[in-house]
Amino acid sequence: MSEASLDFIREIITEDVKKGKNGGRVHTRFPPEPNGYMHIGHAKSVLLNYGIAKEFNGKFNLRFDDTNPEKEDQEYVDAFKRDMHWLGADWEDREFYAADYFDRLYDWAEQLIRAGKAYVCDLSSEEISEYRGKAVKVGDKIITPPGKDSPYRNRSVEENLDLFLRMRAGEFPNGSKTLRAKIDMAHPNLNMRDPVMYRILHTPHQRAGDKWCIYPTYDWAHGQSDSIEEITHSICTLEFENHRPLYDWYLDQLGIHHPQQIEFARLRLTYTVMSKRLLLQLVQEGHVRGWDDPRMHTIAGLRRRGYTPEAIQELVKRTGVTKTESIVEFELLEYCLRQDLNKRAQRAMAVLDPLKVTIANYPDNQVEEFDAVNNPEDLSAGTRKVPFSKMLYIEREDFMENPPKDFFRLAPGREVRLRYACLARCTNVVKDASGKIVELHCTFDPASRGGEAPDGRKVKATLHWVSAKHAIDAEVRRYEHLFTKEDPLDVEEGKSFLENINPNSLIVLQGCKLEPSLASAKSGDHFQFERKGYFCVDPESTSGKLVFNRTVTLRDEWAKIQKGQKK
RNA sequence: UGGGGUGUGGUGCAAUGGUAGCACACCGGCCUUUGGAGCCGAGAAUGGAGGUUCGAAUCCUCCCGCCCCAGCCA
């Protein structure tokens, strides 16, 4: 029936719906911790969960798993919501917080204590770890011998109840006591060796205020939160596979609705880091200009850089859903982006590194306007007028005095097309005292108005240009990968990933010359600067001073040839 | 001689016992008023060894590689 094959998660859900599991209902969720900004790795999870809910006529929740007040912040909550909406995910009115379930979680904890399935433990963090059992290396193998029972494991229900109440009441300092599930200290899965359910944290919560001084661990909160929301399929990443038996155990002990957890491999991209810890470090230490720095692979950064939701959606679609850990080449994202922008970005001419050109045989004060196509991929976008006059700017790299064979562009004596304007031939090169080229003299063919060759003669190159007297100045921020290595974490023993930061990741170009139609460009607008790439107006841009970000270059044959020659 | 996962061209994903296919990347060509876009073509893969079968990426056995787990992080 369906032409494309389903990924394994959709296959499972299709089967569940067919069997009438959960009454045929599908309900998913995205459960971020608000301890940083959303990045492109999260996007996959959001789009997967939201997409499934939509495809199966189900519902999709947003829930913040805010169980650690020491790391979380309202700023991150707001950012997640903004970024998710931008990406196209819609949770309607279902915005939830684990913190809103703290009361129920507390009651459930008491229930487990009464059932003899949980106890208050006085062991320190180090002791708990020690009792849990140390991994031992035997040859190449790692063995985890059974752990030891905590000496507090057999406290009476009454004592546990009393202690737990006093933990909540604030009688004990941080770290002095925990509530632990009583499972099995010899279990081969370390998560089942009496995991901590509550820890004492005398820290107010960004949402719950100072109501609590004990906080549930993620493991104790997560599964039940899904259960409370009647989630049918709890989709999460691979590293939680080991936790599933624990979530199952909690749910079964409590006898409450049991969502099915399914794990998939998170999205990884070359030249990026997806760890919120490292992203936070980049921001806090000032290696980038903030969470929305266009070099960051946060959603906010990508948006500011000029990436579109459609490109990210397409990437996610193309990379699929599997359990194999893989690293997607960044080039695929760029391909998706160019595909999208090519269809919708209005074209414009902009000279980033200007070289002055005088058209010697053009009348001194004459100005004429040529028609330029706004988007050759979408003729309904119409045309615009571009002014032309005797003094122009062209791109410095479009001229070479002694060109190699492969160089098609302007050179002494050579004729090229000035896009939409005319054919022009270089007659003279003007240099300053140091030998630097400061200006070119050209002559144009009056019969070639609009750029058409009157006799059908061919020129090998078409250059973009801007009329000097009509040009508007702009700042252009040229970006490259933030890291020089495909795997930014690939560093020598003891060195930091910061060593792999690309010193050229941002180059600010001042005095760029833009065609006048760009004067009205608004923050967030996308353009293709012909022959240069896709650019986006930065939020810092003002009508007095335009600022553009280079989103991505065009595919560039010439750059490839040059690269090949250098070898 | 712990537990849980996972191995298909360079990369990502398909093929669910029956011709190993698609995309990106790379290379070559065509076309072009963007060295863009588009079009055409080439090269390139089932971790290994056995076994079952007329037939194996797929089923079985053993081996090997890689990832996750020893937070009172998520």
Side-chain angles (χ1 to χ4, degrees), chain A residues 4-5 7 11 31-33 35 65 67-68 70-71 121 123-125 128-130 132-136 138-147 174-180 187-193 195-201 214-215 217-219 221-222 237-245 263 265 270 276-277 318-329 331-336 338-339 342-343 347 349 372-373 376-377 406-409 417-421 423 450-453 459-464 528-533 553-561:
Chain A
S5 60
D7 60 65
E11 235 167 52
E33 184 194 17
N35 66 342
D65 270 336
T67 53
N68 186 351
E70 293 185 328
K71 291 185 177 173
C121 182
L123 255 25
S124 70
S125 169
I128 286 180
S129 152
E130 209 181 300
R132 190 130 48 206
K134 285 194 169 57
V136 181
V138 177
D140 294 344
K141 305 278 185 186
I142 292 169
I143 304 160
T144 316
N174 286 359
S176 60
K177 281 180 169 48
T178 58
L179 182 73
R180 294 226 263 164
H187 198 105
N189 182 338
L190 275 345
N191 292 127
M192 301 295 272
R193 319 250 266 218
V196 171
M197 294 162 61
Y198 276 90
R199 73 277 211 191
I200 299 171
L201 238 39
I214 59 171
Y215 290 94
T217 57
Y218 174 84
D219 280 348
H222 183 75
T237 44
L238 253 24
E239 69 269 28
F240 294 107
E241 211 154 15
N242 292 329
H243 296 242
R244 193 177 52 210
E263 307 85 6
T270 55
K276 277 200 255 178
R277 199 191 99 240
R318 281 172 176 261
T319 50
V321 183
T322 66
K323 297 192 71 155
T324 61
E325 291 192 38
S326 55
I327 304 179
V328 175
E329 289 174 338
E331 287 80 354
L332 182 60
L333 210 210
E334 294 187 328
Y335 171 81
C336 295
R338 291 188 184 110
Q339 286 284 306
N342 179 44
K343 286 178 297 186
R347 312 289 125 121
M349 291 200 284
V373 175
E377 303 294 321
D406 293 330
F407 186 82
F408 300 158
R409 282 110 94 146
R417 172 181 298 108
L418 296 176
R419 184 134 159 106
Y420 298 125
L423 265 29
E452 217 75 58
V459 290
K460 290 190 92 172
T462 298
L463 308 187
H464 62 281
Q528 184 198 96
F529 290 173
E530 296 219 25
R531 306 206 306 131
K532 298 308 292 182
T553 62
L554 258 20
R555 272 182 55 208
D556 188 346
E557 284 297 318
W558 172 236
K560 233 183 253 180
I561 292 166

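Below, all heavy atoms of this structure are taken into account, side chains as well, without hydrogens, waters or symmetry copies.
Between A/Lys343 and A/Glu377, the closest heavy-atom pair is CA-CB, 4.4 Å.
Among the heavy atoms of the strands lying under 4.0 Å from A/Glu33 are primed sugar atoms or P, OP1, OP2 only; no base atom is included. Within the 4.0 angstrom heavy-atom criterion, base atoms lie near A/Glu452. Contact annotation for A/Pro376: base contact, defined as any heavy-atom pair under 4.0 Å involving a base atom. Contact annotation for A/Arg180: no contact, since no heavy-atom pair falls under 4.0 Å across all strands. Nucleic acid contact for A/Arg417: base, since at least one base atom lies under 4.0 Å from a heavy atom of the residue. Nucleic acid contact for A/Thr178: base, since at least one base atom lies under 4.0 Å from a heavy atom of the residue. Residue contacts for A/Glu334: at a heavy-atom cut-off of 4.0 Å it reaches no nucleic acid atom on any strand shown. Across all strands, A/Tyr215 comes closer than 4.0 Å to no nucleic acid atom at all (heavy-atom distances). The residue A/Glu377 sits close to a base: some heavy atom pair falls under 4.0 Å. Residue-level contact check: A/Thr462 touches the backbone only, with heavy atoms under 4.0 Å from sugar-phosphate atoms and none from bases. At the heavy-atom level, A/Arg244 lies nowhere under 4.0 Å from the strands shown. Residue contacts for A/Phe529: at a heavy-atom cut-off of 4.0 Å it reaches no nucleic acid atom on any strand shown. In this structure, A/Thr270 reaches neither bases nor backbone, as no heavy-atom distance under 4.0 Å exists between it and the strands shown. Within the 4.0 angstrom heavy-atom criterion, base atoms lie near A/Asn242.
A close approach under 4.0 Å does not occur between any side-chain nitrogen or oxygen of A/Tyr218 and OP1 or OP2 of B/rC73. Between A/Thr324 and B/rG5, a side-chain N or O to OP1/OP2 separation shorter than 4.0 Å is absent. Note on A/Thr322: a side-chain N or O is less than 4.0 Å away from OP1 or OP2 of B/rC13.
With a cut-off of 3.5 Å on both Watson-Crick or G-U wobble distances, the partner of B/rC62 is given as B/rG48. In a base pair of the Watson-Crick type (N1 to N3 plus N6-O4 or O6-N4) or a G-U wobble (N1-O2 and O6-N3), with each distance short of 3.5 Å, B/rC13 is matched with B/rG21.
Between the P atoms of B/rA37 and B/rC69, the separation comes to 41 Å (whole Å).
By the 4.0 Å N-to-carboxylate-O rule, A/Glu263 lies close enough to A/Arg244 to be salt-bridged with it. With salt bridges taken as basic N to acidic carboxylate O contacts below 4.0 Å, none links A/Lys71 and A/Glu33.
The residue among A/Lys323 and A/Thr217 whose nearest nucleotide of RNA chain B lies closer to the 5′ end is A/Lys323. Where A/Asp406 and A/Arg318 meet RNA chain B, the nucleotide closest to each residue was compared, and A/Arg318 sits on the side nearer the 5' end.
Applying the 90° criterion around 0 to the glycosidic angle, B/rG71 comes out syn.
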